[in-house]
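Note that the coordinates shown come from a computational prediction; the quantities given were computed from them, not determined experimentally.
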Amino acid sequence: MKSEISSLILTAGLSTRMVDFKPLLKFNNITFLENIINKTLLVSNQVIIVTGYRHEEIKNLILEKYSFNTQIKIIFNSRFNEPMFLSLQTGLKEVKKNNWVLYHFIDQPIIPDEFYKQFVNQIDEEFEFIQPTFNTKKGHPLLFNFKFVKHLLNSDITSNLRDEIWKTDLKKKYWESTFPQILKDFDTPDDYKKIDEV
């Protein structure tokens with residue numbers, strides 16, 4: 001049976017390093033957030049968006065562009081000034097039981113459509129965590145199963161995803177992809193100026 005997938009996108013943070021609010025920056029004439037939603041919808045039966053800072057703007061964008069799409073769920077994290085791990089846990093609480101999670105960073109809007117279809121085809125129930133690589137370098141987004149979702153929800157809020165990945169005895173799979181874009185995020189104004197060069 002084909003695994004079902006909940007995509008998780010965090011938009012709650014302040015985008016301090018970028019100065020401008022990353023979810024609403026533009027790439028290919030639409031926002032970073034729209035780019036990622038459109039691509040994750042290709043492979044997901046649920047898209048969870050965690051909001052916080054500038055919640056109303058994100059909510060209004062979703063209502064305007066995706067008002068009839070029942071697959072998209074907006075969750076507000078009122079404690080968005082606290083560590084990002086709390087926003088991750090806030091979103092994970094909404095994941096449909098037994099779904100895999102496609103965890104996508106908001107500053108990676110340029111990954112091609114083809115990547116997502118190939119990536120989810122790597123799901124293998126022998127593994128619990130899947131990460132793409134390019135030239136052996138580890139990239140993002142990530143895939144992990146519902147067992148790890150439950151572990152993360154029971155983890156301390158002061159933790160972080162990286163620590164939980166490495167201190168947990170996960171069965172990991174690394175997929176060598178053909179997509180260099182998995183290594184590129186846009187986190188600063190200088191990064192963003194070069195987005196069309198990548």
Side-chain angles (χ1 to χ4, degrees), residues 2-13 22-23 32-33 35-50 71-73 75 77 83-155 157 159-187:
K2 184 178 178 182
S3 299
E4 295 194 321
I5 296 166
S6 296
S7 289
L8 176 57
I9 309 165
L10 306 186
T11 68
K22 281 190 285 189
F32 279 23
L33 179 56
N35 272 283
I36 296 167
I37 290 173
N38 293 346
K39 294 168 186 177
T40 55
L41 280 172
L42 298 172
V43 296
S44 308
N45 69 322
Q46 181 186 36
V47 175
I48 302 162
I49 301 164
V50 180
Q71 292 172 278
I72 298 174
K73 189 166 191 175
I75 304 297
N77 173 21
M84 189 171 77
F85 195 63
L86 178 60
S87 287
L88 175 60
Q89 290 177 317
T90 300
L92 291 176
K93 290 175 184 175
E94 305 301 324
V95 171
K96 292 182 178 180
K97 187 176 181 181
N98 295 325
N99 269 22
W100 278 72
V101 171
L102 175 62
Y103 179 40
H104 205 301
F105 293 169
I106 194 62
D107 52 15
Q108 287 190 292
I110 68 168
I111 300 174
D113 293 2
E114 295 79 11
F115 163 82
Y116 297 88
K117 297 170 185 176
Q118 292 185 30
F119 189 36
V120 300
N121 281 336
Q122 302 307 310
I123 291 177
D124 182 337
E125 297 303 330
E126 290 186 20
F127 298 95
E128 299 164 324
F129 174 92
I130 305 171
Q131 185 166 16
T133 61
F134 181 79
N135 286 342
T136 72
K137 294 181 181 178
K138 296 172 185 174
H140 297 89
L142 305 173
L143 277 167
F144 49 84
N145 71 358
F146 196 72
K147 179 181 176 182
F148 191 49
V149 170
K150 291 188 287 186
H151 168 83
L152 292 173
L153 288 174
N154 288 318
S155 299
I157 186 179
S159 188
N160 61 71
L161 181 60
R162 180 178 294 177
D163 285 351
E164 295 302 324
I165 288 169
W166 289 111
K167 77 181 185 184
T168 307
D169 188 23
L170 286 172
K171 297 175 183 175
K172 303 181 184 75
K173 175 180 180 180
Y174 297 101
W175 169 55
E176 180 62 21
S177 80
T178 58
F179 300 93
Q181 298 91 340
I182 65 167
L183 305 179
K184 184 61 183 174
D185 56 14
F186 297 89
D187 207 31

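Using a distance-only test at 3.5 Å, with no hydrogens or angles considered, no donor-acceptor pair links the side chain of D163 to the main chain of W166. A distance-only check finds a donor-acceptor pair linking the side chain of Q46 to the backbone of K96 [under 3.5 Å]. Put simply, the side chain of D124 never gets that close to the backbone of F127: no donor and acceptor are under 3.5 Å apart. With hydrogens and angles disregarded, no donor-acceptor distance shorter than 3.5 Å links the side chain of D185 to the backbone of D187. Between the side chain of N135 and the main chain of K137, no donor-acceptor pair closer than 3.5 Å is present. When atom types are taken as modelled, the side chain of S159 and the backbone of S155 share no donor-acceptor pair closer than 3.5 angstrom. Within the 3.5 Å criterion, the main-chain N or O of V50 finds a donor-acceptor partner in the side chain of T11. Looking only at distances, no side-chain donor or acceptor of S44 sits under 3.5 Å from a matching main-chain atom of L41.
The aromatic rings of F179 and F115 sit perpendicular, their planes meeting at an angle over 60°, well past the 30° parallel limit.
Using a 4.0 Å cut-off between a side-chain N of Lys or Arg and a carboxylate O of Asp or Glu, K117 and E114 do not qualify as a salt bridge.
Of the listed residues (K147, K173, K172, K171), just one forms a salt bridge (Lys or Arg N to Asp or Glu O under 4.0 Å) with E128, and that residue is K147.
Taking CD1 of I111 as the reference point, atom CD1 of I182 lies at 7.5 Å (rounded to 0.5 Å).
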For this session: Begin with the C-alpha distance, continue with both residues' side-chain angles, and end with the deciding distance and a verdict on ring pair (Phe, Tyr, Trp, His ring centres under 6.0 Å) for F146 and F144.
Result: CA-CA 7 Å; F146 196 72; F144 49 84; over 10 Å; no

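Around atom CD of E176, more than 12 heavy atoms belonging to other residues, nucleotides or ligands sit under 6.0 Å away.
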